[in-house]
Peer 1: 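Here you go, one structure.
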Amino acid sequence: MYIYDSVQKTKLKFEPIKAGKATLYVCGPTVYDDAHLGHARSALSFDLLTRTLNASGYEVTFIRNVTDVDDKIIAKMKQTGKSLHEITDFYTKRYLEEMDTLGVLRPTISPKATESIDAMEDMISTLISKGYAYQISNGDVYFDISKDKLYGSLSKKVNDDTISRIEHISEKKNSKDFALWKACDINENVCFDTKFGRGRPGWHIECSAMIAKHTQGTDEYSIDIHGGGADLLFPHHENEAAQSRCATGHALAKYWMHNGFVQVDGEKMSKSLGNSFFLKDALKAYDGEILRFYLTSIHYRNDFNFNETDLLQSKKRLDKLYRLKKRLLNTISSTVNSEFKQTLLNAMKDDLNISVALSVIDEMIAKSNEALDSNPNDKNLKKEIAGNIEFINMLLGFGAKEPFVYFQLGVNEALITQIETLIERRSEAKKQKDFALADQIRNQLNIMDINIMDTANGTVWEKIS
RNA sequence: GGUGCCAUCGCCAAGCGGUAAGGCCGCAGCCUGCAAAGCUGCUAUCCCCGGUUCAAAUCCGGGUGGCACCUCCA
């Protein structure tokens with residue numbers, strides 16, 4: 001397994017800190033609003049990583065946190081009059097359901113910030129006692145970046161204070177010092193009691209604390225891989241790394257991975273621009289598997305330009321897999337072809353090279369179709385192809401549906417009856433050699449976005465696009 | 001102002017110093033009553049200019065054009 005490390009900026013051989021095991025921590029959502037396409041892409045990127053590590057024989061521990069206490073949630077409370085848990089429970093549930101729809105495997109552990117206060121308290125206390133953190137007069141606790149010689153080693157953003165837009169608080173020792181703990185304001189009821197006062201966590205501390213709480217680690221590293229969106233490298237991951245390093249005396253993660261951004265129709269999607277594309281809206285328009293296929297079809301580190309044209313183009317590629325599967329009806333799968341399995345897995349083991357992986361699949365599809373053309377009744381052949389498709393599903397998370405279900409997505413019962421009636425009438429016409437009528441009916445179906453194909457087993461149909 | 005990333009066929013997209021994968025679209029053929037689907041074949045020298053090398057899309061330098069981070073963000 002090779003992984004591109006976004007700190008060293010090079011591809012590295014993955015050598016786990018503990019033989020045979022892989023521990024992965026990914027920054028999860030702050031649950032104050034619906035998930036957008038960027039959340040989906042991040043989750044999908046690391047889903048592919050988890051599946052690839054699993055298929056490569058590693059025992060994977062995958063941790064993804066839920067940030068359920070935060071300024072944005074507090075803002076939402078004020079705005080809606082709802083309680084913290086009403087908001088966070090609602091969006092957490094929704095997030096998980098949407099990720100399920102995309103075929104994202106659930107994490108091994110998904111800790112919540114509000115349930116990890118004890119671990120944060122421990123870590124902050126340690127940082128204070130070791131002299132890495134200090135408390136100011138209003139009760140806030142800050143991390144002192146000048147005490148950490150390695151601060152900036154992740155993002156290489158140390159000496160730049162020319163246009164620092166970080167809020168300036170006069171009592172902070174350095175402008176880049178960041179809040180570990182925010183003292184309770186009078187009006188806020190989202191506070192927790194700790195040794196250093198009543199308050200709530202700063203943004204970065206939860207990840208470090210959760211990792212400390214849920215993982216064993218070694219003398220050198222806490223976990224193998226830490227992942228998240230490209231925007232998190234600075235300041236979030238830089239700060240996490242600093243806290244953990246100073247509190248534990250060793251590095252937080254051996255490898256850092258960051259997925260690229262999603263743009264919509266060529267424009268940056270962001271909270272401030274107000275053009276976020278919510279996953280729930282995308283899922284209304286497109287099936288979860290089709291979205292998954294599209295969003296994973298481009299390498300995770302590249303920027304992704306989401307648009308409908310490309311989505312429909314990518315769907316055609318998935319169609320081919322299902323057309324092959326359609327030829328295997330009632331076939332019980334046997335084992336995957338070992339050469340195919342190795343080639344496909346090797347592509348993914350090369351820093352998740354999905355493009356090569358998809359080309360391996362395309363080649364398998366073409367060869368299988370060719371073989372089936374000459375030996376349509378070869379049971380063993382069919383079993384092996386079915387096994388191949390099953391392996392694809394396990395590794396990449398698509399191809400699990402029944403092909404007839406897949407090709408009839410978005411067609412209701414009434415329409416199905418209508419389509420089948422038309423196809424019957426056309427078959428009659430064909431029997432009578434009334435090709436003019438048969439072609440007319442086919443045209444009618446085409447206008448309804450229905451494609452038909454005459455096969456040895458009768459006429460079958462597909463919904464187009 | 002600082003720090004990075006990217007630029008490959010009409011479109012999407014691999015490539016990681018050894019002579020351009022794959023998909024979509026298009027064209028031709030096989031198959032078909034005709035189609036559709038499937039199969040076969042065809043279609044690029046890699047933004048520009050220098051340099052290193054026996055050899056560069058791949059490395060270095062300089063341009064040009066996109067984008068991101070430095071502020072909540074995946």
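All heavy atoms count here, side chains included; hydrogens, waters and symmetry mates do not. We name chains A, B, ... by the order of the sequence lines, and we start the count at 1 in each one.
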Peer 1: Compare the minimum distances between each of C69(B), G38(B), A14(B) and the side chain of Ile298(A), then state the nucleotide with the smallest one.
Peer 2: A14(B)

Peer 1: May I ask you to check whether Asp303(A) and Gln263(A) show a side-chain donor-acceptor distance below 3.5 Å?
Peer 2: no

Peer 1: Atom NZ of Lys430(A) and atom P of G33(B): how far apart are they, to the nearest Å?
Peer 2: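 Result: 8 Å.
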
Peer 1: Taking CZ from Arg327(A) and C1' from A36(B), how many angstroms apart are they, rounded to a whole number?
Peer 2: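 Answer to the nearest Å: 14 Å.
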
Peer 1: Taking the cut-offs as 6.0 angstrom to the six-membered ring centre and 45 degrees off its axis, would you call Lys11(A) and Tyr4(A) a cation-pi pair?
Peer 2: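 The answer is no, since Lys11(A) fails at least one limit relative to Tyr4(A).
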
Peer 1: Say you pick atom P in G26(B) and the same atom in G10(B); how far apart are they, in whole Å?
Peer 2: 16 Å

Peer 1: Measure the distance from NE2 on His204(A) to P on U71(B) and round it to the nearest whole Å.
Peer 2: 10 Å

Peer 1: Across the strands shown, which category fits His258(A) at heavy-atom distances under 4.0 angstrom: base, sugar-phosphate, nothing?
Peer 2: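 Result for His258(A) = nothing.
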
Peer 1: Show every donor-acceptor pair shorter than 3.5 Å between a side-chain atom in residues 438-448 of chain A and any protein atom, with sequence neighbours excluded, or say none if there are none.
Peer 2:
| unit_1 | atom_1 | unit_2 | atom_2 | d |
| --- | --- | --- | --- | --- |
| Asp439(A) | OD1 | Arg442(A) | NH2 | 3.4 |
| Asn446(A) | ND2 | Ile450(A) | O | 2.9 |

Peer 1: Which part of the nucleic acid does Asn302(A) contact within heavy-atom distance under 4.0 Å: base, sugar-phosphate only, or nothing?
Peer 2: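 Asn302(A): backbone/sugar contact only, no base atoms under 4.0 Å.
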
Peer 1: Between the base of A74(B) and the side chain of Arg41(A), is there a donor and acceptor pair under 3.5 angstrom?
Peer 2: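 No such pair is found, so the answer is no.
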
Peer 1: Taking the six-membered ring for Trp, are Phe14(A) and Tyr2(A) closer than 6.0 Å centroid to centroid?
Peer 2: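 No.
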
Peer 1: How are the rings of His204(A) and His236(A) set relative to one another: parallel (under 30°), tilted (30 to 60°) or perpendicular (over 60°)?
Peer 2: tilted

Peer 1: Take the protein atom NE2 of His237(A) and the nucleotide atom C1' of C73(B), then report the distance between them rounded to whole Å.
Peer 2: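 Interatomic distance, NE2 of His237(A) to C1' of C73(B): 12 Å.
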
Peer 1: Under 3.5 Å for both donor-acceptor distances, Watson-Crick or wobble: does A57(B) have a partner, and if so which one?
Peer 2: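 Base partner found: none.
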
Peer 1: List in chain and number order the residues that pass salt bridge (charged side-chain N to carboxylate O under 4.0 Å, His left out) with Lys326(A), two or more places apart in sequence or in another chain; answer none if no residue qualifies.
Peer 2: Glu462(A)

Peer 1: For a quick check of understanding: with a heavy-atom distance under 4.0 Å over all strands, which category does Leu232(A) fall into, base, sugar-phosphate or nothing?
Peer 2: sugar-phosphate

Peer 1: With rounding to whole Å, what would you report as the distance between A57(B) and G17(B) at their C1' atoms?
Peer 2: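 Looking at atom C1' only, A57(B) and G17(B) are 11 Å apart.
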
Peer 1: Within 45 degrees of the ring normal and closer than 6.0 Å to the centroid, is that where the cationic atom of Lys325(A) sits relative to Tyr322(A)?
Peer 2: no

Peer 1: Determine whether the aromatic ring centres of Tyr91(A) and Tyr32(A) lie less than 6.0 Å apart.
Peer 2: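 No, too far apart.
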
Peer 1: Could you measure between the two P atoms, the one in U40(B) and the one in G63(B), and give it in whole Å?
Peer 2: 48 Å

Peer 1: From CG of Asn259(A) over to C1' of C5(B), roughly how many Å is that when rounded to an integer?
Peer 2: 14 Å

Peer 1: For nucleotides C5(B) and G41(B), find the distance between their C1' atoms and express it as a whole number of Å.
Peer 2: 39 Å

Peer 1: If pairing requires Watson-Crick or G-U wobble contacts with both distances under 3.5 Å, which nucleotide is the partner of U40(B)?
Peer 2: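 By the stated definition (distances under 3.5 Å), A28(B) pairs with U40(B).
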
Peer 1: Can you check the Phe234(A) CZ to C5(B) P distance for me, whole Å?
Peer 2: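 To the nearest whole Å, that distance equals 17 Å.
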
Peer 1: Who does U64(B) pair with, Watson-Crick or G-U, both distances under 3.5 Å?
Peer 2: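 A7(B) - that is the nucleotide pairing with U64(B), both distances being under 3.5 Å.
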
Peer 1: Going by 5.5 Å between centroids and 30° between planes, is there a stack of Phe261(A) over A68(B)?
Peer 2: no

Peer 1: Give none if G1(B) has no partner; otherwise give the nucleotide forming a Watson-Crick or G-U wobble pair with it, both distances under 3.5 Å.
Peer 2: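 Because both required distances fall under 3.5 Å, G1(B) counts as paired with C70(B).
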
Peer 1: Classify the ring geometry of His36(A) against His39(A): parallel below 30°, tilted from 30° to 60°, perpendicular beyond 60°.
Peer 2: tilted

Peer 1: Whole Å only: how far is the CG atom of Asn451(A) from the P atom of A36(B)?
Peer 2: 9 Å

Peer 1: Describe the nucleic acid contact of Arg426(A) in one word from base, sugar-phosphate, nothing, applying a heavy-atom distance below 4.0 Å.
Peer 2: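 Base, at least one base atom sits under 4.0 Å.
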
Peer 1: Please measure how far the C1' atom in G23(B) lies from the corresponding atom in G18(B), and state the result in whole Å.
Peer 2: 27 Å

Peer 1: For Arg301(A), report the nucleic acid contact type (base, sugar-phosphate, nothing); a contact means any heavy atom under 4.0 Å.
Peer 2: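 Arg301(A): no heavy atom of the nucleic acid under 4.0 Å.
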
Peer 1: Whole Å only: how far is the CG atom of Asp303(A) from the P atom of C67(B)?
Peer 2: 11 Å

Peer 1: Could you give the distance separating C46(B) and A14(B) at their C1' atoms, to the nearest angstrom?
Peer 2: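 Per the computed distance, 13 Å lies between those C1' atoms.
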
Peer 1: Measure from the side chain of Glu370(A), starting at C-beta and using heavy atoms only, and say which of A14(B), C72(B), C39(B) lies closest.
Peer 2: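 So the nucleotide nearest the side chain must be C39(B).
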
Peer 1: Contact class for Asp439(A) vs. all strands (heavy atom < 4.0 Å): base, sugar-phosphate, or nothing?
Peer 2: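 Base contact.
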
Peer 1: Which nucleotides of nucleotides 17-31 of chain B have their base under 4.0 Å from a protein heavy atom (B), which only their sugar-phosphate (S), and which neither (-), written as one string 5' to 3'?
Peer 2: ----BBBSS------

Peer 1: Both Asn307(A) and Asp454(A) contact RNA chain B. Taking the nearest nucleotide for each, which residue is further toward the 5' end?
Peer 2: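 Comparing both residues, the 5'-ward one is Asn307(A).
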
Peer 1: If the P atom of A20(B) is compared with that of C9(B), how far apart are they to the nearest Å?
Peer 2: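 16 Å, rounded to whole Å.
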
Peer 1: In sequence, state the C-alpha distance, the side-chain angles, and the governing distance for Asn65(A) and Tyr25(A), and then conclude on side-chain contact (heavy atoms from CB on, under 4.5 Å).
Peer 2: CA-CA 8 Å; Asn65(A) 69 307; Tyr25(A) 182 97; 3.2 Å; yes

Peer 1: Quick check: any donor-acceptor pair below 3.5 Å linking the side-chain of Asn353(A) to the base of G15(B)?
Peer 2: no

Peer 1: Look at all strands and tell whether Lys11(A) reaches a base, only sugar-phosphate, or nothing, counting heavy atoms closer than 4.0 Å.
Peer 2: base

Peer 1: Across all strands shown, which nucleotide pairs with U45(B) by Watson-Crick or G-U wobble geometry, both distances under 3.5 Å?
Peer 2: none

Peer 1: Using a cut-off of 4.0 Å on non-hydrogen atoms, how would the nucleic acid contact of Ala43(A) be classed: base, sugar-phosphate, or nothing?
Peer 2: nothing

Peer 1: Can you check the distance between C54(B) and C49(B), where both ends of the measurement are the C1' atom (answer in whole Å)?
Peer 2: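 Here C54(B) and C49(B) have their C1' atoms 24 Å from each other.
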
